[in-house]
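Everything on this sheet refers to the single structure shown next.
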There are 2 protein chains.
Amino acid sequence: MKPKRRPTLDDVASLSGVSAITVSRTIRSPEKVSERSRLKVQAAIEKLGYTPDLAASALASKSTNVIGLLVPSLTNNVFADVLRGVYDAVETTRYFVQIGNSRYSALKEEALIRVFLRQKPAGLIVAGFDQTDPALNLLETAGCPVVQIMDFGRPPVDMAVGFRHDAAARLAARHLLECGYRRPGILAARMDPRTQSRLQVFREVCAEAGVLDERRVVTTPHASSVGVGRQLLELLLTQAPDTDAVFCNNDDLAIGALMEAHRRNLHVPEDLGICGFNDLEMTRNMFPSLTSIATPRFEVGRRAVEMLLAEIEAPDSVAERNVDLGVSLIARDSTRRPR
Amino acid sequence: MKPKRRPTLDDVASLSGVSAITVSRTIRSPEKVSERSRLKVQAAIEKLGYTPDLAASALASKSTNVIGLLVPSLTNNVFADVLRGVYDAVETTRYFVQIGNSRYSALKEEALIRVFLRQKPAGLIVAGFDQTDPALNLLETAGCPVVQIMDFGRPPVDMAVGFRHDAAARLAARHLLECGYRRPGILAARMDPRTQSRLQVFREVCAEAGVLDERRVVTTPHASSVGVGRQLLELLLTQAPDTDAVFCNNDDLAIGALMEAHRRNLHVPEDLGICGFNDLEMTRNMFPSLTSIATPRFEVGRRAVEMLLAEIEAPDSVAERNVDLGVSLIARDSTRRPR
DNA sequence: CTGAATAATGACAGCGCTGTCATTTGTCAA
DNA sequence: TTGACAAATGACAGCGCTGTCATTATTCAG
């Protein structure tokens, strides 16, 4: 009958005939321990099946190996990819990720930041730049590195990695115009700050080209989905039946728009051009394949963690503290209009 | 200039003129403290902006408020919904969720269980019943409630909530047969244990009806996606061009199959019936709308947390320890064959 | 008004680790 | 061989909280 109690540092120490602190060092910085001790300690650890107690370590060292990740949505495919990137980068390290879902509410986000800070996280990743003032203040005095993700432009609290939403919308608008569409519309849901920024710039480009028509701007505060995409296109075509192209503020909407076009027997890209946003795997495989703006979601997640870890290891060591990963337009059949 | 140091229990205690332990009780079980003390303490907490240190609490009480969630994939939409359910249920409680991604590897899952156990979690949620033997052993002696999710049938380590994959496949197969399809195929990717179980039962039902043809069973170990769905249908139709219906082992594959059918100018449901699995929001809004097996993913996540919390509050209090949430077939246009 | 019960509070130790600083051991030039 | 220095190791205190048990205040039947 084994002792029920989990083995502690002291157990390992007495078994290997060294002091507890040497065991601690063997684990955390083996180079500071002589080879002889190290081998003895490692054997004892092996034999006892010892694993350090994280709570005790956190209490004594005043910091944890938790990386807090605050996203506005778990449903949105966009953040699924960010998550993948984050987990990919964290996996081989001693850090854990803890996710908070702010549901696109700045107030809930602020509350979650408070909650995270209670556990003295090693680092924090938050989406966007639009925190409340108290939240911003908390982040500034967090005592750990912070990376804001998914956007680029404004100065970050600490570090940031993302891409320009204005540039993305500009790419989309110009592409539709270059393809020869003259009565373009836009579909947008959720209306978070990044969506609004894209909407705004798309409008501007259209206005400059003299093709802006507010009847063709259709939005909803609801979460985006394929169903909402269908509804919004329906609404758009009711308000402005002669619309010849549509920029969908994300790919779910774009797929919905495509389906609605199918239902109405509208030909894509001849009768209606469609451009999405994000370039999810799906869009490439729709029929016809959907033009979309590719966003580096996975890379954003990975890079955010890399920046965090570098900064944790050596504060102020990260030179590039505000990173634009860029976007690109992937032209496919849904805007390939025969001239 | 404020003291940089975060306020502690003792600070609150001396400000409010009671002992530290009374402050602790005011926070954890206010009903054990007189109203007079409680008010004084609460005022002091407010004034100092005190928040308990989680590490210290974990060390002293030998348990945390972390709920570990182990999923095989973060990309798969299925788990996104489970996640939502979990977060939904956890949100109003004092617990946190920490996610581990096993990437469909039982060995990685075992390692992650070890990692989670180091922090003495309040509870653990793991996907499926197919853990390695050491992992099973770890779970049994975890010292916290454990819920296995997404499956039903085998006896759980502790508790389980899910649904029957055999029943789901049976529903799909019978439906296709009832719709009059006589040369049904099946598309499956990833081939995790639950997928294999569905595949197996679909085969059996087909065999019983005398319509099983192994050329129509097309699988791949790759992760499922819309693109893979297209490829698999292509392969299926190469091997057996007269196939008249297909059960896709998840909705991504089904959407891919639908797109490939469009491309080939095959009419759905006349030339090819399609039935998906999971009933993601998308399927309802495809054109034509896709028949699918609805799985209670969100509910599984929510219920798992509820069972965990009940069990944490009062061990052995949960009566129904093995819950089948059931599945249902949602018939839509993609199998609505004109007789 | 008393004694017995309960409610409210507190003292104390210790959870398992790490930071700090002191001590011992080993190495090597003079 | 000695002293100077670096490398290796250890003693000790304490991180901030909670479990346990003892003590004090309060209530109430008799």
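Numbered from 1 within each chain, the chains take letters A, B, ... in sequence-line order. What you are looking at is a predicted structure, and each value in this text was computed from that prediction instead of being measured.
The one candidate from B/Leu117, B/Ile67, B/Leu69 that meets the side chain to side chain contact (heavy atoms under 4.5 Å, CB included) condition with B/Leu124 is B/Leu117.
Under the 3.5 Å distance criterion, with hydrogens and angles disregarded, a donor-acceptor pair is assigned to the side chains of B/Arg297 and B/Thr295.
Contact annotation: A/Ser34 does not reach the phosphate of D/dA8 (side-chain N/O to OP1 or OP2, under 4.0 Å). A sub-4.0 Å separation between OP1 or OP2 of D/dG19 and a side-chain N or O of B/Ser61 is absent. Within the structure, a side-chain polar atom (N or O) of A/Arg28 is placed less than 4.0 Å from OP1 or OP2 of C/dG19. Contact between the side-chain N/O atoms of B/Ser37 and the OP1/OP2 oxygens of C/dT9 is found at a separation under 4.0 Å. In this structure, B/Ser57 does not reach the D/dC17 phosphate: none of its side-chain N or O atoms is under 4.0 Å from OP1 or OP2. Phosphate proximity of C/dG19 to A/Lys62: absent, as no side-chain N or O sits under 4.0 Å from OP1 or OP2. Note on A/Ser24: every side-chain N or O is 4.0 Å or more away from OP1 and OP2 of C/dC17.
Rounded to an integer number of Å, the gap from CG of A/Leu54 to C1' of D/dG16 is 17 Å. For B/Leu59 and D/dG19, the CG to C1' distance is 13 Å, given to the nearest whole Å. In this entry the distance linking CD1 of B/Ile27 with C1' of D/dC17 reads 10 Å, nearest Å. Atom CG of A/Asp53 and atom C1' of C/dG14 are 13 Å apart (whole Å). A straight line from CD1 of B/Ile21 to C1' of D/dC21 spans 12 Å, rounded to a whole angstrom. Taking atom CG of B/Leu9 as the reference point, atom P of C/dA11 lies 14 Å away to the nearest angstrom. Here the C1' atom of nucleotide C/dT6 and the CD atom of B/Glu31 are 15 Å apart, to the nearest Å. We find that CZ of A/Arg36 is positioned 12 Å from P of D/dA8, with the value rounded to whole Å.
Scanning atom types as modelled, one donor and one acceptor separated by under 3.5 angstrom connect the side chain of B/Arg25 and the base of C/dG10.
Residue A/Thr8 has its side chain nearest to C/dG16 when only C/dT9, D/dG16, C/dG16 are considered.
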As a quick check of understanding, evaluate salt bridge (charged side-chain N to carboxylate O under 4.0 Å, His left out) for A/Lys47 and A/Asp11, giving each step before the final call.
CA-CA 11 Å; A/Lys47 181 155 175 223; A/Asp11 298 331; over 6 Å; no

Derivation of the salt bridge (charged side-chain N to carboxylate O under 4.0 Å, His left out) call for A/Arg302 and A/Glu299:
CA-CA 5 Å; A/Arg302 230 175 42 74; A/Glu299 192 58 25; 3.1 Å; yes

Please lay out, stage by stage, how A/Arg190 and A/Asp192 fare under the test salt bridge (charged side-chain N to carboxylate O under 4.0 Å, His left out).
CA-CA 6 Å; A/Arg190 178 61 80 185; A/Asp192 63 281; 5.8 Å; no

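Between B/Ala60 and A/Ala20, the residue whose closest nucleotide on DNA chain C is further toward the 5' end is B/Ala60.
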